[in-house]
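For reference, the structure is listed below as structure tokens.
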Amino acid sequence: MNFRGRNILVFLAWLAMSAMGRPAMASLNPAVFKVGSFTKNTATGSQVVTHSLGVTPKALILFTGFESGETATTEGIMGFGFYDGTDQYSIAYGISHNTDPISATRRAAATAIQIVNGAATLHAEASVTAWSTTTFTLNWTTNQASASVVHYMIIGGSHVSAKAAAWSTGTTAGSVSVTGLGFKPNTCIHMNSGTGLVSTESLPRSEDHASFGLGVMDLAGRQWAMLAFSDDKDTAGEVSVAHRVQVTDAAVVFGNGTTGVISKKLAASSMDSSGFTVTLSGTELTADSRVFSLCLQSVNAYAGNFTKSTSTSVPVSQAVTGPSFTPGFLLLGSWQHTTSSSMQTEARMGIGISDGSTEGCMTTSNEDNSTSADGWGIDKTSKIAVKMNNITGTTDAAADLSSFNSNGFTLSWTTNDAVATQQLYLA
């Protein structure tokens, strides 16, 4: 082949490489994920957690049900938070078990994780003070001498950007734009503590009534949201009021837990050059509520939902399809109920994570219409999902992640009931 021919071949190869564009180059440095669990310290001070991500992290998610074993125990408690290397936010709620009057509380703070009980006692709280390619460090400023389990998911990658943001829903129906992220996100994870926390109040902030909402949205506009609420009571003999809601047409949902009516939704509208836009709608828009979001760029994401298998001949294998890629991380969520567009009684919620080799989950359950409501919680490091749709702490269903596939994932239900519970996921 002569010199000109070689040059033509080199030029054509260069054109082919150029046609791939930046996404092809970015695929050489994909996002990486690591899931794990650790037992929190029993005293205040620093705790170093080994994560073995292998690169400097960009984001960290923490959550806990304040349990120390694989079996359910009384009292419904949960905490959820995240950190982007600079900013950190968390929400916690606690609901008493078998007390009269019934105690329920919630708390939001600029920390990575916190734990409160139904009587509004702060059991534990920590902020991230450092991280590296192999560890992250928590500083426990308040801590109870209980060795409870905390689950984590940590994200890295040279092309990945992450930003934790606090923003307001506003009080006018229509578009709500959140700016200042510094990039166009591929996905956002949202959390809220109900309508009681407004944007003008400083953190930390505690309120009566337990409430926690979790939601996600992706670049294509796929979305889901869920929320659990339990009323606080001042007088003995009053019956509990507990509700839950789960939707797939909004990324953030608020509910009036007392009346059992969805009060407002924020539906995904667009991912923007330095933020995102959602559309506010609802029947109760007078409260200017606060939302905390963790947004990520250069992370392929797919928000979906599916109906749990109803076969009781365990183990049951269930393949879920949707993404056009092989996931590296999976977040599962469920309100422990079948599909419905309206709020339902009982405050119940389950959250689970896996990176394909390690998994962990927590579930809380709190009773409606009782003068001494039962509350239960469970943390597991051996499952990605536990369904506990009852007031006895019984496991109705439990699943492992069997595999990540080229178009989704496969679960193995090792315990299962015959109820078609709606499951949510972010892959």
Side-chain angles (χ1 to χ4, degrees), residues 31-35 51 53 56-64 78-92 108-114 126-128 131 136 138 150-157 159-169 176-193 197 203 212-219 222-227 250-253 266 268 271-272 274-278 289-303 327-333 351-353 355 424-427:
V32 289
F33 309 90
K34 208 69 174 178
V35 162
H51 61 72
L53 185 66
T56 301
K58 296 295 180 68
L60 172 67
I61 296 174
L62 299 167
F63 68 94
T64 180
M78 70 89 61
F80 192 98
F82 41 65
Y83 173 65
D84 67 0
T86 302
D87 297 314
Q88 47 198 318
Y89 300 104
S90 61
I91 293 173
T111 55
I113 191 69
Q114 55 176 313
S127 296
V128 180
W131 60 17
F136 61 87
L138 294 170
V150 180
H151 311 280
Y152 71 84
M153 187 269 282
I154 198 161
I155 309 166
H159 291 276
V160 174
S161 296
K163 179 62 178 175
W167 53 280
S168 169
T169 64
V176 178
S177 293
V178 178
T179 61
L181 299 186
F183 55 83
K184 180 179 181 178
N186 295 95
T187 187
C188 293
I189 300 172
H190 309 291
M191 63 177 178
N192 72 79
S193 61
L197 180 69
L203 299 177
F212 176 73
L214 182 68
V216 305
M217 63 189 194
D218 65 21
L219 187 61
R222 293 175 292 257
Q223 60 194 327
W224 53 257
M226 59 180 181
L227 178 130
V252 181
V253 65
L266 292 109
M271 298 294 196
D272 308 324
S274 189
F276 58 88
T277 299
V278 290
S289 306
R290 181 174 287 176
V291 181
F292 303 105
S293 300
L294 177 65
C295 295
L296 305 169
Q297 184 190 49
S298 298
V299 175
N300 285 338
Y302 190 100
F329 164 74
L330 181 65
L331 166 70
L332 289 181
I351 300 171
I353 52 175
D355 59 11
L424 309 171
Y425 71 90
L426 178 68

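- Counting heavy atoms from C-beta outward, T179 and D272 have side chains that stay 4.5 Å or more apart.
- The main-chain N or O of G157 is found under 3.5 Å from a side-chain atom of K58 such that the two form a donor-acceptor pair.
- Annotation: side chain of L60 is not in contact with side chain of Q88 (no heavy-atom distance under 4.5 Å).
- Remark: the T111 side chain and the S90 side chain contain an N/O donor-acceptor pair separated by less than 3.5 Å.
- Residues L62 and Y83 are not in side-chain contact: their nearest non-hydrogen atoms beyond the backbone lie 4.5 Å or more apart.
- The side-chain heavy atoms of F329 and I155, taken from C-beta on, include no pair separated by under 4.5 Å.
- The structure places CG of L294 at 5.5 Å from CD1 of I61, a figure rounded to the nearest 0.5 Å.
- Of all heavy-atom pairs between P185 and L219, the closest is O-CD1, 3.6 Å.
- Between H51 and F136, the angle of the ring planes stays under 30°, which puts this pair in the parallel group of the 30/60° scheme.
- H151 is not listed as a side-chain neighbour of I351, based on a closest heavy-atom distance of 4.5 Å or more.
- Between F292 and Y89, the angle of the ring planes stays under 30°, which puts this pair in the parallel group of the 30/60° scheme.
- In terms of heavy atoms, W131 sits closest to P57 at CZ2-O, 3.3 Å.
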- [ ] Go through C295 and M271 one step at a time and tell me if the side chain to side chain contact (heavy atoms under 4.5 Å, CB included) criterion holds.
- [x] CA-CA 10 Å; C295 295; M271 298 294 196; over 6 Å; no

TODO: Test side chain to side chain contact (heavy atoms under 4.5 Å, CB included) on M78 and F63 and set out the steps.
DONE: CA-CA 7 Å; M78 70 89 61; F63 68 94; 5.7 Å; no

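- The closest donor-acceptor contact from the side chain of W224 to the backbone of Y425 lies under 3.5 Å.
- Taking all atoms of both residues into account, the shortest heavy-atom contact from C188 to F276 is SG-CD2, 3.9 Å.
- For the pair L331 and I353, the minimum side-chain heavy-atom distance is below 4.5 Å.
- Here the side chain of Q297 pairs no donor or acceptor atom with the backbone of F183 at under 3.5 angstrom.
- For the pair V178/T277, no side-chain contact is recorded, criterion being any heavy-atom separation below 4.5 Å from C-beta on.
- Smallest separation of non-hydrogen atoms from T187 and A301: CB-CB, 3.6 Å.
- V160 has its side chain within reach of V299: a pair of non-hydrogen atoms, C-beta onward, lies under 4.5 Å apart.
- Looking only at distances, no side-chain donor or acceptor of N186 sits under 3.5 Å from a matching main-chain atom of N300.
- Between F212 and F80, the ring planes lie tilted relative to each other; the angle falls in the 30° to 60° range.
- Among I189, V252, V278, the one residue that satisfies the side-chain contact (heavy atoms from CB on, under 4.5 Å) test with M217 is V278.
- Residues I91 and N192 share a closest heavy-atom pair of CD1-C, 3.3 Å.
- Residues V128 and A112 come closest through the heavy atom pair CG2-CB, 3.7 Å.
- Note that OG1 of T86 and NZ of K163 are 6.0 Å apart. Values are rounded to the nearest 0.5 Å.
- Between the OG1 atom of T64 and the CD atom of Q114 there is a distance of 12.0 Å, given to the nearest 0.5 Å.
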